[in-house]
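Inspection log for the structure reproduced underneath, given as structure tokens.
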Amino acid sequence: MVRSWYDVKNTYFPTMILSAWRNRAQVDYGTAKDVTLLRNVGTALSEGLRSIGFLCHVNGNHWTSIMINPAMGRVYYGDSKCPLTP
């Protein structure tokens with residue numbers, strides 16, 4: 001079986017992460033249906049997926065890109081309006 005080391009998620013992915021974080025006290029992460037995708041990403045990362053990437057719509061006026069590589073402890077951030085990474 002050929003397995004990709006990288007996965008790119010849709011633009012709703014960061015909203016899902018934020019919602020799960022905000023509702024963490026009320027939602028059972030292990031069983032809640034609305035966080036199934038996040039659980040699946042976590043499982044894939046633990047089974048060999050190296051990085052996950054996604055786009056974020058910032059301030060309603062432009063897009064940024066984010067790539068997370070947990071194995072290396074790195075977050076890559078790209079923003080054409082701000083060439084210096086925060």
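Everything quoted here is computed from the prediction, not taken from an experiment.
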Checklist entry - For His62, which residues count as a side chain to side chain donor-acceptor pair (under 3.5 Å) partner, sequence neighbours excluded? => result Asp79

Checklist entry - Is the shortest heavy-atom distance from the side chain of Ile66 to the side chain of Cys56 under 4.5 Å? => result yes

Next on the checklist: Check for me, please, whether Met16 and Val35 land in the same ILVMFWY cluster - side-chain distances under 4.5 Å, paths through other members count.
Outcome noted: yes

Checklist entry - For Asn40, what residues pass the side chain to side chain donor-acceptor pair (under 3.5 Å) criterion, not counting sequence neighbours? => result none

Item to check | 4.5 Å side-chain heavy-atom contact, Tyr77 and Thr64 | outcome: yes

Checklist entry - What pairs of residues pass the side-chain hydrogen bond (donor to acceptor under 3.5 Å, both in side chains) test when at least one of them lies in residues 26-36, not counting sequence neighbours? => result Asp28-Thr31, Thr36-Arg39

Checklist outcome for this item: Here the gap from Ser65 atom OG to Phe54 atom CZ, rounded to the nearest 0.5 Å, amounts to 9.5 Å

Next on the checklist: Quick check: is Ile52 connected to Val75 through a chain of hydrophobic side chains (ILVMFWY, heavy atoms under 4.5 Å apart)?
Outcome noted: yes

Next on the checklist: Hydrophobic clusters here meaning ILVMFWY residues chained together by side-chain heavy-atom distances under 4.5 Å, can you tell me if Leu55 and Tyr12 are in one?
Outcome noted: no

Next on the checklist: Count I, L, V, M, F, W, Y as connected when their side-chain heavy atoms are under 4.5 Å apart, and connections chain through other members. Are Leu37 and Leu45 then in the same cluster?
Outcome noted: yes

Checklist entry - Once you round to the nearest 0.5 Å, how far does CD1 of Ile68 lie from CD1 of Ile17? => result 5.5 Å

Item to check | Side chain Arg22, main chain Ser19, donor-acceptor under 3.5 Å | outcome: no

Checklist entry - For the side chain of Asn59 and the backbone of Asn61, is there at least one donor-acceptor N/O pair under 3.5 Å apart? => result no

Next on the checklist: Hydrophobic cluster membership, with links at side-chain heavy-atom distances under 4.5 Å among I/L/V/M/F/W/Y: are Tyr76 and Val41 in one?
Outcome noted: no

